[in-house]
Structure formats: C-alpha cells, structure tokens
Peer 1: 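Right, I'll just put the structure down here and ask away after.
What you see is a predicted model; the values in this text were computed from it and never measured.
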Amino acid sequence: MTTTTEIAPPRSGPPSLGEGPDDLELMNIPSVLSREAGEKDPLLLRGKVISDAHLDEIRQRKKRGGGKLADFYEEQNSRINDLLKPLTTLSQEAEQDAADNALKVKLAVNISFAGNIVLAVVQLYAAISSGSLALFASCVDAVDPFANLILWAAHRASDRAEEKKWPVRGSRFETIYGSIMGGVNVILIVMSIQEFVTHKGDDLQKFHLPSIISVAVAFAVKFSLFLYCMAIRKSSSQVQVLWEDHRNDLLTNGFGILTSAGGSKLAWWIDPMGATIIAICIIAVWSRTVYEQFTFLAGIAAPPEFINLVTYKALTFSEHIVSVDTVRVYHSGPQYFVEIDIVLPPEMLLWKAHDIAQDLQDGIEKLKQVDRCFVHVDHEVDHKPEHRKNV
C-alpha cells in the first residue's frame, strides 16, 4: 500500500517569518521515504525472479550452456532487485559504499604515489647501471613520478576545488593522467631504432645481476599495489586509472627483465627489440585509456541498465507522477549527469510539484556514479523535447 504525505497549503494572508508550515521557505519537505513507503511493483517484476533452486538446476545443464544461462539469470535477478528497492535504500547503499571506500581510495592514491617515487630510484639505478634499453622502457612507464604527481595532485584538487570556480568540484581532473603516459614512450622507440642502426658487431651486453634483482623487487611491489587497486577499482575513477597503470607496469617489468637478460646472454638485438615492443604496447594501451576518458568528457551515454534503473525509479517514485517524458543519462567526466522530464497533473499546486521534483532529484543524486540530476516538471507530453535545437 502506498502512502503519501500531504502538506496543507498556506492559509490566506501574509505569513509571518518562522510560523511553521505557513512559512514555505522553512517548511519541512516531505521525505523520499514517506513518498516511497510500501512496496511497488507495477510491472510485476517480482514474479520474474528466478529462485536459487532453479538456478542450481539450470547450472547443472552443462551440455546446453547451463552455466552461462544461470549467470544471465543471476544478473537479471540482481537488476530486478535493484529496481524493486526503494530509491532511499539505493541512495543509502551508495552513501555507505562511498564512506566505506573513502579511506581505501585515499590509501591507494597516496601509497601508489609514494611507492612510485621509491621505485623510480630503484629502477633508474637498474636502467643506468645496466645500460639496457628494455629496462629503460620499463622504467619510464612504471615510475613516471611526474605523471603520478599529477594524479595525486588531481585527487587532492578534486576534493578542495572552490565551488564557485569549479561547480562540479573538479571531478574530471584525473582524466588528464592517461594522456601523459603514451607520449613518453615515443622517445624510447627512437632510441631503439638508433641502436639498431648504429650497433656494430655481435658483442653481447654485460649481464648485470643487481639490475635484474632491482627490477624484480619493483615487480613484486607493483604486483601488491595491483591487487589492492584491483579490489577497489570500481569505487573510484582515480583508482581505476592507478589499477591500469600497475597492470601495465607488471607487463613492462616482466618483459623488460626477460629481454634485458636475453640481450646479455643470447643476442644483442633482443634488448632494443624488447624496448620497442614495450613502448609500442604502452602507447597502444594508454591510447585506449585516453580514448575512453575522451568519450566520458564528450558526454557518451550511460549503459542501458543504468538508464533503465533511473527511468523505473522516476516512474514509480510518486503516485502523482502521470508519466515520464524524457530520461537522459550521460557522462560528464567519470560520473553521470541525469536529466528527467516528469509529467504531473496540471491542477497540482506549485509547492507540491516542486517538492516531488526536488525529492526525486535529491534521491537520484545520491545514487552511485551520479554527479548531478536535473528534474523538469511538465503537465503534458505533446511539446518538443527540451534542450533540443532544431537546425
């Protein structure tokens, strides 16, 4: 049963400041909880949930792809459960998740920054003392302190940004990080080509064991940071970038050790070849990351599953909402901007329409990954879509 909290309209005559309900500015706005009291399932989604026993039965059908089918139904159950949860519950879960991960994200950024500074010294020693281009390649990608300093500074700036100057609180600062990493590897490709052209004879490089040990230590440290960031990468776009950085470092360090040792024991050209492969791989990987960040800044649409969730929550938010005209969810940086056009009865009082729209906006903005939400109220659906220029 759905309950709706009504507020008596202000009585005639000029209200006095602070007279409780008559002062609209000081009036208590009905909470989202009161609007969403009770269970709503207008589309009868609860009947579509597959039981655990049935899932186990499906999973046992190995010859007919039962495992994949069971995974599909499990994901469907999860989405249905999210749709049926009150908006307040989803908001509280998002707030709790953010609070739980705040310290973990801070530790990931700070420890990665400090670790990369220390590893910079270790790997620079390894590269310089051995003269190996492959170790130089792994060094440049794995311990670029300047780029890590930018990400660390961006993390701090996003929390301290002045709201008047940066209305979205610097939530997109960290997207500049990925664009740096691709460029530094071009130099190594040039150096490797130069080594191929100018090298004379078949003399092997001197095998330098301390350098190999140093890079191996860096590999172990990076592997630990990789596992930590992987566990919480979905909680922050900054940690996601760090996780990708550590993943790339593992590739370059491991391959750098093999090709450096190969250049000392097997053939001289293995070392510059390894440096070239590492540089090309890193440019390709970071180019993909930069492209993804560019699509976020350019405003690519959110996944259909999230758009469906927002649409369903808007439709079932209040019994007074006649229909939902338009829903747009798109990236504006790593998080989403949401635009919702709801239709309310034309005879509804302004203060009541405002309260419904404001409560819906506040609830959506508390969802995970949502930066801003804008709710537009209308009384009909015959008009052209808002904010759409006709060329």
Side-chain angles (χ1 to χ4, degrees), residues 29-33 35-36 40 75 78-102 104-106 154-155 157-161 163 166-175 232-241 292-318 321 324-342 354-378 385-387:
I29 298 177
S31 66
V32 180
L33 182 61
R35 296 190 188 281
E36 287 198 312
K40 298 180 179 180
E75 184 177 357
S78 177
R79 291 178 183 174
I80 291 176
N81 289 332
D82 286 340
L83 290 174
L84 295 179
K85 288 179 183 177
L87 184 57
T88 48
T89 302
L90 292 174
S91 302
Q92 290 170 359
E93 289 178 352
E95 289 180 343
Q96 186 62 44
D97 184 63
D100 293 341
N101 289 318
K104 296 177 182 178
V105 171
K106 185 177 181 179
H155 176 70
S158 64
D159 292 334
R160 301 182 180 184
E163 189 169 2
W166 305 96
V168 294
R169 306 295 289 178
S171 61
R172 305 174 186 87
F173 287 171
E174 67 274 7
T175 57
I232 60 172
R233 68 185 186 277
K234 294 183 179 180
S235 61
S236 169
S237 59
Q238 294 156 339
V239 178
Q240 174 73 25
V241 173
E292 182 184 39
Q293 296 296 329
F294 172 78
T295 61
F296 291 168
L297 290 175
I300 192 172
E305 299 81 17
F306 191 82
I307 297 177
N308 293 341
L309 173 65
V310 171
T311 303
Y312 186 84
K313 287 304 168 188
L315 279 170
T316 59
F317 182 75
S318 170
I321 296 178
V324 174
D325 186 12
T326 306
V327 175
R328 296 189 184 96
V329 186
Y330 52 91
H331 276 279
S332 183
Q335 295 185 311
Y336 301 136
F337 268 29
V338 180
E339 298 178 9
I340 306 175
D341 295 349
I342 61 174
H354 167 270
D355 289 353
I356 293 175
Q358 186 67 51
D359 284 352
L360 176 59
Q361 174 182 311
D362 293 342
I364 295 295
E365 284 186 343
K366 291 179 181 178
L367 291 178
K368 189 175 182 180
Q369 292 185 292
V370 173
D371 193 354
R372 295 291 177 91
C373 176
F374 304 94
V375 178
H376 176 263
V377 177
D378 215 322
E386 283 81 7
H387 312 297

Peer 1: Please identify each residue that fulfils side chain to side chain contact (heavy atoms under 4.5 Å, CB included) with Ser78, with sequence neighbours left out.
Peer 2: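 Here the qualifying residues are Asp82.
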Peer 1: Rounded to the nearest 0.5 Å, what separation is found between the CG atom of Asp325 and the CG atom of Asp341?
Peer 2: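 It is 5.5 Å, given to the nearest 0.5 Å.
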Peer 1: Taking side chain as C-beta onward, heavy atoms only, is Ile364 less than 4.5 Å from Ile340?
Peer 2: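 Touching, per the 4.5 Å side-chain cut-off.
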Peer 1: Please identify each residue that fulfils side chain to side chain contact (heavy atoms under 4.5 Å, CB included) with Glu75, with sequence neighbours left out.
Peer 2: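 By the side chain to side chain contact (heavy atoms under 4.5 Å, CB included) rule, Glu75 matches Arg79.
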Peer 1: Are the side chains of Leu360 and Leu87 in touch, meaning some heavy atoms are under 4.5 Å apart?
Peer 2: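 Side-chain contact under 4.5 Å: yes.
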Peer 1: For Phe306, what residues pass the ring-ring contact (aromatic ring centres under 6.0 Å, His included) criterion, not counting sequence neighbours?
Peer 2: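 Per chain and number, Phe306 pairs via ring-ring contact (aromatic ring centres under 6.0 Å, His included) with Tyr336.
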Peer 1: Please enumerate all residues that pass side chain to side chain contact (heavy atoms under 4.5 Å, CB included) together with Leu83, with sequence neighbours excluded.
Peer 2: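 Only Leu45, Leu309, Tyr312 meet the side chain to side chain contact (heavy atoms under 4.5 Å, CB included) criterion with Leu83.
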Peer 1: For Glu292, which residues count as a salt bridge (charged side-chain N to carboxylate O under 4.0 Å, His left out) partner, sequence neighbours excluded?
Peer 2: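 In terms of salt bridge (charged side-chain N to carboxylate O under 4.0 Å, His left out), with neighbours along the sequence ignored, Glu292 is linked to no residue.
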Peer 1: Can you measure from CD (Gln369) to NE2 (His331) and round to the nearest 0.5 angstrom?
Peer 2: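 Reported value, rounded in 0.5 Å steps: 7.0 Å.
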Peer 1: If you measure from CZ on Phe317 to CD1 on Ile356, what distance do you get to the nearest 0.5 Å?
Peer 2: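 Between atom CZ of Phe317 and atom CD1 of Ile356 there are 8.0 Å.
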Peer 1: Closest approach of Val239 and Arg233, non-hydrogen atoms and distance?
Peer 2: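 Taking Val239 first and Arg233 second, the nearest heavy atoms are CG1-CA, 3.8 Å.
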Peer 1: To the nearest 0.5 Å, what is the distance between CZ (Phe337) and SG (Cys373)?
Peer 2: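 Rounded to the nearest 0.5 Å, the CZ-SG separation comes out at 10.5 Å.
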Peer 1: Report the residues that fulfil salt bridge (charged side-chain N to carboxylate O under 4.0 Å, His left out) with Lys368, sequence neighbours left out, ordered by chain and then residue number.
Peer 2: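 Salt bridge (charged side-chain N to carboxylate O under 4.0 Å, His left out) list for Lys368, sorted by chain: Asp97.
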Peer 1: When you compare the side chain of Tyr330 with that of Glu339, does any pair of heavy atoms fall below 4.5 Å?
Peer 2: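 Touching, per the 4.5 Å side-chain cut-off.
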Peer 1: List the atom of Val377, the atom of Ala357, and the distance in Å for their closest heavy-atom pair.
Peer 2: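 Smallest heavy-atom distance, with atoms named: CG2-CB, 3.5 Å.
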